[in-house]
Amino acid sequence: RTVPFLTSQSLFLSSISRSVSTLVLAEHEGGSIKAPSVSAVAAASSLSKDNSISVLLAGSGPSLQEAAAHAASCHPSVSQVLVADSDKFSHPLAEPWAKLVHLVQQKGGYSHIIAPSGSFGKNILPRAAALLDVSPITDIIEISESNLFVRPIYAGNALCTVRYAGANPCMLTIRSTSFPVPPISADSKSEASISQVDLSTFGEDAVGKSRYVKLTSQETERPDLGNARVVVTGGRALKSAENFKMIEKLAEKLGAAVGATRAAVDAGFVPNDLQVGQTGKIVAPELYMAFGVSGAIQHLAGMRDSKVIVAVNKDADAPIFQVADYGLVGDLFEVIPELLEKMPEK
Ligand code: FAD
């Protein structure tokens with residue numbers, strides 16, 4: 001008869017799995033941590049009260065060190081910032097990043113690894129999870145326990161509660177709109193240490209098959225769509241890129257970001273980085289204004305968490321009115337010019 005007993009090793013392993021230590025994969029730009037990555041830190045801090053949070057940054061040049069200082073003070077729960085400084089990380093390519101996460105995890109033995117659910121996190125986290133042989137859980141909107149998470153399914157029409165029962169690390173992407181960052185007062189800032197990641201074992205083969213070619217971005221003074229307090233969105237009903245300028249003008253007057261439906265993007269009125277929805281950006285601004293948007297479920301999936309929704313549509317039965325707080329049945333070609341005329345110049 002075999003008698004089950006706990007060896008010191010199994011006791012050690014069970015204590016590891018209970019304690020929470022999290023690695024947050026952070027994206028930075030111009031010497032600052034991007035807002036969705038700070039939300040990932042906020043999500044990490046809700047995993048457990050005694051969570052020890054490390055933030056991983058990679059890049060090269062002086063802006064990386066500035067970003068490290070920002071990461072150290074971006075949230076009171078951050079205890080450590082790990083910096084991987086190498087030309088290999090000049091651009092956030094998935095292959096070297098995934099290898100870096102693997103390397104850092106081998107040394108740190110984190111219980112959780114979290115990234116924001118944007119193109120950065122969606123690109124890196126699944127590859128890193130494959131290297132670490134665990135299944136990632138994506139698009140988390142709520143953390144109930146350190147292994148119990150809520151995520152939307154069916155384009156946000158149902159919420160699914162998932163228990164992670166796999167080995168460490170539990171790898172997550174979080175929806176940044178669901179984890180707002182509370183204002184950090186000067187006296188609650190953390191005293192996080194900053195250390196360099198030892199890349200001596202990283203190896204040349206860590207550079208993968210993809211290659212950075214170029215970045216094409218639009219210079220705009222408008223707020224970033226993902227973080228804007230106000231979003232003004234136009235749909236197919238605008239009919240042309242020229243007419244879409246009305247939406248842009250309105251956004252300018254309101255200090256808002258511009259959004260678009262997939263139909264408007266597919267018709268070439270605006271570039272696809274403005275698309276809101278299931279296959280576009282997820283937004284949750286204070287105010288979301290939708291002009292000539294029918295309210296297809298794939299669009300609602302990206303904006304239904306907005307605090308106040310205003311819709312203008314000439315069809316009184318348009319589904320957008322089911323989620324709108326304020327609805328106006330009318331022709332946008334009359335409503336927008338009137339709004340522009342009545343609103344004061346900025
Ligand atoms: P329409 O559905 O054509 O609606 C136009 C609306 O404008 C109508 O309600 C009409 O009454 C109104 N209108 C017309 N003229 C006027 C006027 N003069 N004044 C006022 N109102 C007017 N869509 C997204 O938006 N985002 C996504 O991420 C997304 N992902 C998708 C993923 C998949 C897998 C699939 C299958 C679809 C996806 N779609 C997405 C497409 C989605 O199903 C809809 O086709 C799209 O959202 C419709 O865009 P729309 O509201 O601009 O156009």
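Start at 1 and go down the list; that is how both ligands and their atoms are numbered.
- Put simply, part of G330 is less than 4.0 Å from ligand 1, judged by heavy atoms.
- Residue-ligand proximity, V276 to ligand 1, at heavy-atom distances under 4.0 Å covers atoms 24 (C), 25 (O), 26 (N), 27 (C), 28 (O).
- Side chains of N168 and Q105: a donor-acceptor N/O pair is absent below 3.5 angstrom, by distance only.
- Considering backbone and side-chain atoms alike, G292 places an N or O below 3.5 Å from some N or O of ligand 1.
- The closest side-chain heavy-atom distance from T22 to S54 is not below 4.5 Å.
- The shortest distance between side-chain heavy atoms of E66 and H70 does not fall below 4.5 Å.
- Inclusion of A264 in the set of residues having an N or O under 3.5 Å from an N or O of ligand 1 is not warranted.
- For ligand 1, the atoms closer than 4.0 angstrom to any heavy atom of G235 are 52 (O).
- Of all protein heavy atoms, the one closest to atom 43 (O) of ligand 1 is Q298 OE1, 2.8 Å.
- Nearest non-hydrogen protein atom to atom 21 (N) of ligand 1 is K314 N, 3.1 Å.
- If you check which protein heavy atom lies closest to atom 18 (N) of ligand 1, you get D331 OD1, 2.9 Å.
- With respect to atom 4 (O) of ligand 1, the closest heavy atom belonging to the protein is S294 CB, 3.2 Å.
- A donor-acceptor pair under 3.5 Å is formed between the side chain of N243 and the backbone N or O of L238.
- Heavy-atom proximity to A237, at under 4.0 Å, picks out these atoms of ligand 1: 7 (O), 13 (N), 14 (C), 15 (N), 16 (C), 22 (C).
- Scanning the protein for heavy atoms near atom 27 (C) of ligand 1, the closest one is Q275 NE2, 3.1 Å.
- The contact set between ligand 1 and G280, taken as ligand atoms under 4.0 Å from a residue heavy atom, comprises 28 (O).
- Between F89 and F202, the distance separating the two ring centers is shorter than 6.0 angstrom.
- F149 and H112 have perpendicular rings, their planes meeting at more than 60° on a 0 to 90° scale where under 30° would count as parallel.
- Within the 4.5 Å cutoff, no side-chain heavy atoms of L159 are placed close to those of E142.
- Residues R127 and E95 form a side-chain contact, since some pair of their non-hydrogen atoms from C-beta on lies under 4.5 Å apart.
- Every atom of ligand 1 is numbered from 1 in the order shown, and the set under 4.0 Å from a heavy atom of T279 is 27 (C), 28 (O), 29 (C), 30 (N), 31 (C), 32 (C).
- For ligand 1, the atoms closer than 4.0 angstrom to any heavy atom of A296 are 42 (C), 43 (O), 44 (C), 47 (O).
- Scanning the protein heavy atoms around atom 50 (P) of ligand 1, the nearest turns out to be T261 OG1, 3.6 Å.
- If you check the side chains of R236 and T261, you find no donor sitting under 3.5 Å from an acceptor.
- Of the candidates D315, I336, N313, N313 brings a heavy atom nearest to atom 10 (C) of ligand 1.
- Looking only at side-chain heavy atoms (C-beta outward), F321 and N313 come within less than 4.5 Å of each other.
- In this structure, L254 and M289 have side chains that are in contact, with non-hydrogen atoms separated by less than 4.5 Å.
- Considering only non-hydrogen atoms, atom 33 (C) of ligand 1 lies nearest to R262 out of K281, Q278, R262.
- Proximity of F333 to ligand 1, defined as any heavy-atom pair under 4.0 Å, is confined to the side chain (atoms from C-beta onward).
- Atom 3 (O) of ligand 1 has its closest protein heavy atom at R236 NE, 2.7 Å.
- Polar contact with ligand 1: present for L332 (N/O pair, distance under 3.5 Å).
- When side chains are defined from C-beta on, I113 does not count as touching V24, because their heavy atoms never get closer than 4.5 Å.
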